[in-house]
Amino acid sequence: MIPSFYKHWRHVFKLDPDREIDDASLDRICMSGTDAILVGGSSGVTYENTVDLLARIRRYEVDCAFELSDPACGVPGFDGYFVPMVLNTPLREWMIGHHVNALKDFGHLLPWESVVGQAYLVLNPDSTVARVTEAETDIDSDTALAYSHVADRLLNVPVLYIEYSGTFGDMELVRKIRGGLRQAHLFYGGGIDDPDKARLAAQTADTVVVGNVVYRDLEAALATVSAVKN
Ligand SMILES: CC(C)=CCC/C(C)=C/CC/C(C)=C/CC/C(C)=C/CC/C(C)=C/CC/C(C)=C/CC/C(C)=C/COP(=O)(O)OP(=O)(O)O
Ligand SMILES: O=P(O)(O)OC[C@@H](O)CO
Ligand SMILES: [Mg+2]
């Protein structure tokens, strides 16, 4: 059975173990009415800073999942685990290579009932994830759609993640992609920093991910919750 713990999530905050958040702010995030906290980052994530953040989030009842970007950070105790694979990278390791190595080493330890593969389509060239994976972000909408069909219809991925980390994306494209999906659940993340953007994203994606604004403007971040959920 493919895990389904994330399927009712409409709004998610993504918290980065490599960034500071004080207790009062974390309290407001966890009590905000969001559906889940997704722990993850594209650099500087360690076993130690992940354990630390998880322990602090666990004071609350909110769902908490981990998006792995390093096999050495397999911290137990999350409600679920996402393993990203980047569709539009020319570097085999970010699509499948690290994953094969990690499964050779840790496959027997994995809590498979709560592990979900995520196919990332990375579309902001200035994001860390685009730089790290050398993602081919300069693609037209037909190519982006074709990627989404490969992920959804040929690979049958459970989650397709349209990633504009750092900038608000092309909602028309996201809408087209969503309309063409047969079975994948669509995550959208990138540049959501006010209720209007959150609402637009919520109209196009199944799950809306709000990240960096948490660290820049907490009030603006909190305002995205009701915009998505109402
Ligand atoms: C015992 C136990 C509980 C174990 C569970 C462990 C487990 C499930 C292990 C899985 C094993 C496995 C197959 C691991 C693969 C690991 C691996 C290296 C995969 C590659 C992942 C990958 C493609 C990483 C590239 C970067 C990426 C897509 C990161 C995702 C998160 C992301 C985009 C965050 C945004 O980053 P941010 O830092 O916020 O970026 P900005 O600077 O733009 O803000
Ligand atoms: O940080 P932002 O731009 O909100 O993006 C959220 C998330 O998609 C990052 O992986
Ligand atoms: Mg970030």
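In listed order, ligands and their atoms are each counted from 1.
Look at Asp16 and you'll find a heavy atom under 4.0 Å from some atom of ligand 1. Ligand 1 has at least one atom lying under 4.0 Å from a heavy atom of Trp94. Ligand 1 has at least one atom lying under 4.0 Å from a heavy atom of Lys14. Phe187 does not count as a contact of ligand 2, since none of its heavy atoms falls under 4.0 Å from the ligand.
Relative ring orientation between Phe187 and Tyr161 is described as tilted, the plane-to-plane angle lying within the 30° to 60° band. Ring geometry for Phe5 versus Phe82: interplanar angle of 30 to 60°, hence tilted. Ring geometry for Tyr188 versus Phe168: interplanar angle over 60°, hence perpendicular rather than tilted (30 to 60°).
Each of the atoms 3 (O), 5 (O), 9 (C) of ligand 2 lies under 4.0 Å from some heavy atom of Ser165. Atoms of ligand 2 lying under 4.0 Å from any heavy atom of Gly191, numbered from 1 in the order shown and given with element: 2 (P), 3 (O), 4 (O). Ligand 1 places these atoms under 4.0 Å from at least one heavy atom of Ser42: 34 (C), 36 (O), 37 (P), 38 (O), 40 (O). Residue Gly41 has at least one heavy-atom neighbour below 4.0 Å for each of these atoms of ligand 1: 34 (C), 36 (O), 38 (O). Atoms of ligand 1 lying under 4.0 Å from at least one heavy atom of Pro76, given by number and element, are 3 (C). Per-residue contacts place Glu163 under 4.0 angstrom from the following atoms of ligand 1 (heavy atoms of the residue considered): 33 (C). Atoms of ligand 2 found under 4.0 Å from any heavy atom of Asn212, numbered from 1 in the order shown, are 1 (O), 2 (P), 4 (O).
No N or O atom of Ile192 sits closer than 3.5 Å to an N or O atom of ligand 2. Looking at Gly211 next to ligand 2, an N or O pair under 3.5 Å apart turns up. Residue contacts with ligand 2: Val209 is placed with no nitrogen or oxygen under 3.5 Å of a nitrogen or oxygen of the ligand (distance criterion only). On a distance-only criterion, Ser127 and ligand 1 share no N/O pair closer than 3.5 Å. Considering both main-chain and side-chain atoms, Thr167 never comes within under 3.5 Å of ligand 2 through any nitrogen or oxygen pair. Distances between N or O atoms of Tyr120 and those of ligand 2 include no value under 3.5 Å. For ligand 1, the polar-atom distance check finds no N/O of Tyr120 at less than 3.5 Å from any of the ligand's N/O atoms.
Here the shortest heavy-atom distance to atom 18 (C) of ligand 1, taken over Gly107, Pro111, Pro71, belongs to Pro71. Counting heavy atoms only, Asn212 comes closest to atom 44 (O) of ligand 1 of the residues Leu38, Thr167, Asn212. Nearest to atom 31 (C) of ligand 1 by heavy atom, out of Arg131, His99, Glu67, is Glu67. Of the candidates Tyr161, Tyr188, Tyr215, Tyr164, it is Tyr161 that places a heavy atom closest to atom 8 (O) of ligand 2. Closest to atom 14 (C) of ligand 1 by heavy atom, among Ser69, Ala102, Gly166, is Ala102. Nearest-heavy-atom check against atom 9 (C) of ligand 2 across Glu67, Glu163, Arg216 picks out Glu163. Nearest to atom 43 (O) of ligand 1 by heavy-atom distance, out of Ser165, Gly189, Gly44, is Ser165. Nearest to atom 26 (C) of ligand 1 by heavy-atom distance, out of Val129, Asp70, Val116, Val75, is Val129.
Within a 6.0 Å radius of CG in Asp138, no more than 12 heavy atoms belonging to other residues, nucleotides or ligands are found. By the 6.0 Å contact criterion, CD1 on Ile2 is open, its count of non-hydrogen atoms from other residues, nucleotides or ligands being 12 or less. Applying the 6.0 Å contact sphere to CD of Glu20 captures no more than 12 heavy atoms from other residues, nucleotides or ligands. Counting heavy-atom neighbours within 6.0 Å of Leu103 CG, excluding the residue itself, gives a total above 12. Other residues, nucleotides and ligands place more than 12 heavy atoms under 6.0 Å from the CD atom of Glu113.
Between the OG atom of Ser148 and the CZ atom of Arg153 there is a distance of 7.5 Å, given to the nearest 0.5 Å. Distance check, rounded to the nearest 0.5 Å: CG of Leu200 to CD1 of Ile192 gives 9.0 Å.
When the options Val62, Ile29, Asp52 are evaluated for a side-chain contact (heavy atoms from CB on, under 4.5 Å) with Ile57, the one that passes is Val62. Trp9 pairs in a side chain to side chain donor-acceptor pair (under 3.5 Å) with only one of the listed residues (Asp35, Asp63, Asp206), which is Asp63.
Neither the backbone nor the side chain of Val122 has any atom closer than 4.0 Å to an atom of ligand 1 (non-hydrogen atoms only).
In this structure, the side chain of Asn49 engages the main chain of Gly44 through a donor-acceptor pair within 3.5 Å. Checking side-chain atoms of Lys176 against main-chain N and O of Ser141 turns up no donor-acceptor pair under 3.5 Å.
A salt bridge links Arg58 to Asp79: one of the charged nitrogens lies within less than 4.0 Å of a carboxylate oxygen.
In this structure, a donor-acceptor pair under 3.5 Å is present between the side chains of Gln183 and Asp152.
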